[in-house]
There are 2 protein chains.
Amino acid sequence: MGKVIEPRFEAAAGQLRAAGLRTTRQRLMLAEILFSQGHRHVTAESLFTEAAERGARLSLATVYNCLHQFTAVGLLRMVTVDAGRAYFDTNLSPHHHFYYERSGELRDIPEAEIAVARLPAAPEGAKIARVDVILRLQD
Amino acid sequence: MGKVIEPRFEAAAGQLRAAGLRTTRQRLMLAEILFSQGHRHVTAESLFTEAAERGARLSLATVYNCLHQFTAVGLLRMVTVDAGRAYFDTNLSPHHHFYYERSGELRDIPEAEIAVARLPAAPEGAKIARVDVILRLQD
DNA sequence: CGCAGATTTTAGAATGATTCTAACATAGCT
DNA sequence: AGCTATGTTAGAATCATTCTAAAATCTGCG
Ligand SMILES: [Mn+2]
Ligand SMILES: [Mn+2]
Ligand SMILES: [Zn+2]
Ligand SMILES: [Zn+2]
């Protein structure tokens, strides 16, 4: 007997199944938080806090596990803007970022708003996996 | 009586004084390693190891202190490519980076080799402090 | 249903980078 | 040389993240 899935978790359940991940209570909650309200940028800690505020019972270790699993199956991508903590981004299309150094807030810049032209060739034996453009903001 | 400075540290001493920093034994050694052989990308740990190999007697805490002081006075700049550790760059002119994700190696890309056109305006109340372009390499 | 085996979650310990503390040493000035 | 601000350091502390191993849950099958 498959367990009953609350209606508000149906979409999340579909995404998890499509990605080949089992639908656990914790993953459903995190997926719902992440994917049901437009693009998000979260850290493990911010997501854990948000889940806790919604009454979820899960551990920080599970949040880390899920963030990495979601990233591995292509539901998230990692963004590195600060040595010290990792951000995870639900926006999978190519785009760039404003980073507010003071607050730690990340904002998307649509790909079309920045033209990166004439990329150099990748060095011998390597290939360019990703092009990140970060506009660091002060004040 | 000012202490005697070995000839090989003369250049480093000049840079430190120009930057308003006292010339201590530890700073002279680190400045010599950093600034006497072309541009470098170091981490605290790599610089500490390199200094130790040259026979320097200093602590890792001092390496951290110096990296931050050198950055504060504009002798270095910090580069963020990996959540987990900070890189410091002796190349102060505007330029971009190849980052070998597997080895952690950083390589400069001269500014002229990448054209970043049509930057969006900074959001209300903020200004763009820096534009970082990272080409992440795999394989 | 009711299990069994595989997967997932979790508390708490461990790790790794970095920062802090507060005592000791040195640089720079008189 | 002596004074005082500044710099160095060992070791503890902090913070994000990962690991461990045991308990809980999921899923397919009888
Ligand atoms: Mn930071
Ligand atoms: Mn890393
Ligand atoms: Zn984004
Ligand atoms: Zn560089």
Side-chain angles (χ1 to χ4, degrees), chain A residues 1-6 9 12-14 16-31 41-49 51-52 56-73 75-76 78-88 104 106, chain B residues 1-6 9 12-31 41-49 51-52 56-73 75-76 78-88 104:
Chain A
M1 174 197 70
K3 74 203 127 342
V4 177
I5 290 184
E6 292 182 48
F9 290 133
L16 293 178
R17 291 199 194 96
L21 295 174
R22 288 187 178 180
T23 54
T24 67
R25 171 171 53 82
Q26 294 86 341
R27 283 179 183 157
L28 285 170
M29 172 62 86
L30 295 179
H41 300 102
V42 303
T43 62
E45 195 61 42
S46 79
L47 180 58
F48 176 66
T49 301
R57 285 164 299 100
L58 45 48
S59 71
L60 183 56
T62 296
V63 173
Y64 276 103
N65 289 341
C66 288
L67 285 172
H68 288 142
Q69 290 155 351
F70 291 5
T71 301
V73 300
L75 291 174
L76 291 177
M78 203 183 305
V79 178
T80 301
V81 287
D82 185 285
R85 70 193 148 165
Y87 285 78
F88 293 84
L106 264 182
Chain B
M1 171 198 68
K3 73 204 129 344
V4 177
I5 289 184
E6 294 182 44
F9 290 131
Q15 282 177 285
L16 292 177
R17 290 199 194 95
L21 295 174
R22 290 187 176 181
T23 57
T24 67
R25 172 171 55 78
Q26 294 86 340
R27 283 177 183 160
L28 285 170
M29 171 63 84
L30 295 178
H41 301 102
V42 302
T43 61
E45 194 62 43
S46 79
L47 180 58
F48 177 66
T49 300
R57 285 165 298 98
L58 45 49
S59 71
L60 184 56
T62 297
V63 173
Y64 276 102
N65 289 341
C66 288
L67 285 172
H68 289 143
Q69 290 155 351
F70 291 5
T71 300
V73 300
L75 291 173
L76 290 177
M78 204 182 305
V79 178
T80 301
V81 285
D82 185 284
R85 70 193 149 169
Y87 285 78
F88 294 84

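Labels below follow one simple rule: chain letters A, B, ... track the order of the sequence lines, proteins then strands, and each chain is numbered from 1. Remember, predicted model here, so these are calculated numbers, not experimental data.
- The two residues B:T43 and B:L67 come nearest to each other via the heavy atoms C-CD1, 4.4 Å.
- Of the residues near DNA chain C, B:L60 and A:A61, the one whose nearest nucleotide (by heavy atom distance) lies more toward the 5' end is A:A61.
- The phosphate of D:dG7 has OP1 or OP2 within less than 4.0 Å of a side-chain N or O from B:R27.
- Between A:Q26 and D:dT25 there is no side-chain polar atom (N or O) within less than 4.0 angstrom of OP1 or OP2.
- Between A:N65 and B:E45, it is A:N65 whose nearest contact on DNA chain C lies nearer the 5' terminus.
- Here the shortest heavy-atom pairing between A:M78 and A:A86 reads SD-CB, 4.1 Å.
- Atom CZ of A:R85 and atom C1' of D:dT18 are 19 Å apart (whole Å).
- Contact annotation: A:Y64 side-chain N/O to D:dT18 OP1/OP2 distance is not under 4.0 Å.
- C:dA17 atom P lies 15 Å from atom CG of B:L47, rounded to whole Å.
- Here A:H68 does not reach the OP1 or OP2 of D:dT17: none of its side-chain N or O atoms lies under 4.0 Å away.
- Heavy-atom nearest nucleotides on DNA chain D were determined for B:C66 and for A:R22, and the one closer to the 5' end corresponds to B:C66.
- Within 4.0 Å of B:R17, counting heavy atoms only, lies no atom of the nucleic acid at all.
- Residues B:L75 and B:A19 approach most closely at CD1-CB, 4.1 Å, considering heavy atoms.
- Phosphate contact (OP1/OP2 of C:dA27, side-chain N/O of B:T23, threshold under 4.0 Å): absent.
- In this structure, B:L28 places its CG atom 14 Å from P of C:dT26, rounding to the nearest Å.
- Between A:T62 and C:dT10, a side-chain N or O to OP1/OP2 separation shorter than 4.0 Å is present.
- Whole-Å rounding puts the A:R57 CZ to D:dT25 P distance at 9 Å.
- Of the candidates C:dA27, C:dT18, C:dT10, the closest approach to any side-chain atom of B:T24 belongs to C:dA27.
- Among A:L16, A:L58, A:T62, the single residue meeting the side chain to side chain contact (heavy atoms under 4.5 Å, CB included) criterion with A:R27 is A:L16.
- Separating the CG atom of B:L67 from the P atom of D:dG7 is a distance of 15 Å, rounded to the nearest angstrom.
- Distance check, rounded to the nearest 0.5 Å: CZ of B:F88 to CZ of B:F70 gives 11.0 Å.
- When rounded to the nearest whole Å, the span between CG of A:L30 and P of C:dT10 equals 10 Å.
- Rounded to whole Å, atom C1' of D:dA24 lies 10 Å from atom CZ of A:R25.
- When the C1' atom of D:dA16 is taken as reference, atom CG of B:D82 falls 13 Å away, rounded to whole Å.
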